[in-house]
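Read through the structure below, which is laid out as structure tokens, and then see the notes.
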Amino acid sequence: MLHLRSLVFNIFFYLWTGLLLLVMVPLMLLPGDRLILGIGLVWGRGNLWALRVICDLKVEWRGIEKIPDGAILVAAKHQSAWETFAFFLPFRRPAYVYKRQLAYVPLFGWAVWKARQIPVDRGKKGEALASITEGAKTAAAIGRQVMIFPEGTRRPVAAPPDYKYGVAHLYRTLELPCQPVALNSGMFWSRKSFTRRPGTVLVEFLDPIPPGLSAADFAEKLEADIEGATNRLIAESRARGEGE
């Protein structure tokens, strides 16, 4: 039954995504990015609804009241594809740092471009940081949330942390509060698994880190805060008998 439900959800996910991409096509001719970001919110809500109804997979948001208003830097744990759509709910004007190669995916790449997300070419390290910085400054200047996964890619639940320099560079450059986010989505939707397990994804918005710290102090605090909270959320779900 678990695999059947996962199959039904996966079919829904791709059909829902494809339908919304088609809806976006005429909207791309209109000025601005708000309508496209609004479609992103609909995408996220639809997927979370389907996960709850089909797979009995819910979400619990904790500390959402801690999110500062206006432009911020969001540094989130990345364990699953789940957070790429779910974060449209707490962050209504996100600007994700994303792999430039995704821009070449038909329809999806157009939508990412129209939504003014922040591309990075990981194969050109010297240029990558400059590209991220320019895009992040532009997004922050109009009050958007700059979204970065500090480890650069999805990490298995049990993997040791691997935080990159880019998040500390953005923190020092943007001079904005940083909102750390811990989660345990990988216990229910792992990066290489077809299965969507029932339970409750726990997402915790931690105390924002104010601007002004040195890059080294910030990096140390960010990793300690996110990893400590993530491990606690994983242990809580395991104590409930949920997830992997």
Side-chain angles (χ1 to χ4, degrees), residues 61-80 83-84 86-99 116-122 124-157 159-186 202-236:
W61 307 102
R62 298 178 178 177
I64 200 166
E65 72 281 354
K66 295 180 180 180
I67 301 175
D69 295 329
I72 56 173
L73 174 64
V74 179
K77 190 70 177 176
H78 193 21
Q79 295 180 341
S80 169
E83 43 267 24
T84 60
F87 280 173
F88 275 98
L89 275 72
F91 302 108
R92 297 301 175 86
R93 299 195 67 204
Y96 282 92
V97 175
Y98 73 98
K99 292 186 295 185
R116 292 194 287 182
Q117 305 299 287
I118 304 169
V120 56
D121 187 345
R122 293 178 182 171
K124 300 178 180 180
K125 294 184 178 180
E127 300 175 10
L129 208 55
S131 174
I132 293 174
T133 302
E134 180 182 357
K137 285 182 175 179
T138 300
I142 56 175
R144 295 181 64 174
Q145 299 95 28
V146 177
M147 313 285 292
I148 187 169
F149 299 121
E151 295 171 283
T153 189
R154 291 172 293 173
R155 301 281 290 169
V157 170
D162 184 23
Y163 286 60
K164 311 298 185 185
Y165 174 70
V167 64
H169 171 77
L170 284 183
Y171 169 79
R172 291 291 295 169
T173 302
L174 297 177
E175 298 182 329
L176 293 173
C178 176
Q179 176 63 67
V181 186
L183 48 78
N184 66 355
S185 59
L202 302 177
V203 182
E204 185 170 347
F205 302 92
L206 308 174
D207 291 333
I209 301 175
L213 298 181
S214 68
D217 288 344
F218 166 77
E220 181 179 357
K221 178 171 177 53
L222 180 72
E223 181 173 334
D225 287 356
I226 292 179
E227 292 303 310
T230 294
N231 291 336
R232 173 167 44 78
L233 298 178
I234 291 170
E236 181 178 337

Quiz prompt | D217: partners by salt bridge (charged side-chain N to carboxylate O under 4.0 Å, His left out), with sequence neighbours left out | solution = none
Quiz prompt | Short side-chain to backbone donor-acceptor contact, N184 and L202, under 3.5 Å | solution = yes
Exercise. Using atom types as modelled and distance alone, determine if a side-chain donor or acceptor of Q79 lies under 3.5 Å from a backbone N or O of P156.
Key: no
Exercise. Report the relative orientation of the aromatic rings in F87 and F205; use parallel for angles under 30°, tilted for 30 to 60°, perpendicular for over 60°.
Key: tilted
Quiz item: Counting only N and O atoms by type, is there a donor-acceptor contact under 3.5 Å from the side chain of Q117 to the main-chain atoms of P94?
Solution: yes
Quiz item: Does CD belonging to E65 count more than 12 external heavy atoms closer than 6.0 Å?
Solution: yes
Quiz prompt | Check against side-chain contact (heavy atoms from CB on, under 4.5 Å), M147 and F91 | solution = CA-CA 9 Å; M147 313 285 292; F91 302 108; 3.5 Å; yes
Practice problem: For E83 and K77, run salt bridge (Lys or Arg N to Asp or Glu O under 4.0 Å): C-alpha distance rounded to whole Å, both residues' side-chain angles, the deciding distance at 0.1 Å, then the answer. | Solution: CA-CA 9 Å; E83 43 267 24; K77 190 70 177 176; over 6 Å; no
Exercise. Spell out, as yes or no, whether a donor-acceptor pair under 3.5 Å connects the side chain of Y171 to the backbone of P210.
Key: yes
Exercise. Give a yes or no on whether the backbone of I142 and the side-chain of R93 come within a donor-acceptor separation of less than 3.5 Å.
Key: yes
Practice problem: Could you pull out all residues at least two apart from R62 that satisfy salt bridge (charged side-chain N to carboxylate O under 4.0 Å, His left out)? | Solution: E60, E236
Self-check item: Donor on one side chain, acceptor on other, T153 and H78, under 3.5 Å
Solution: no
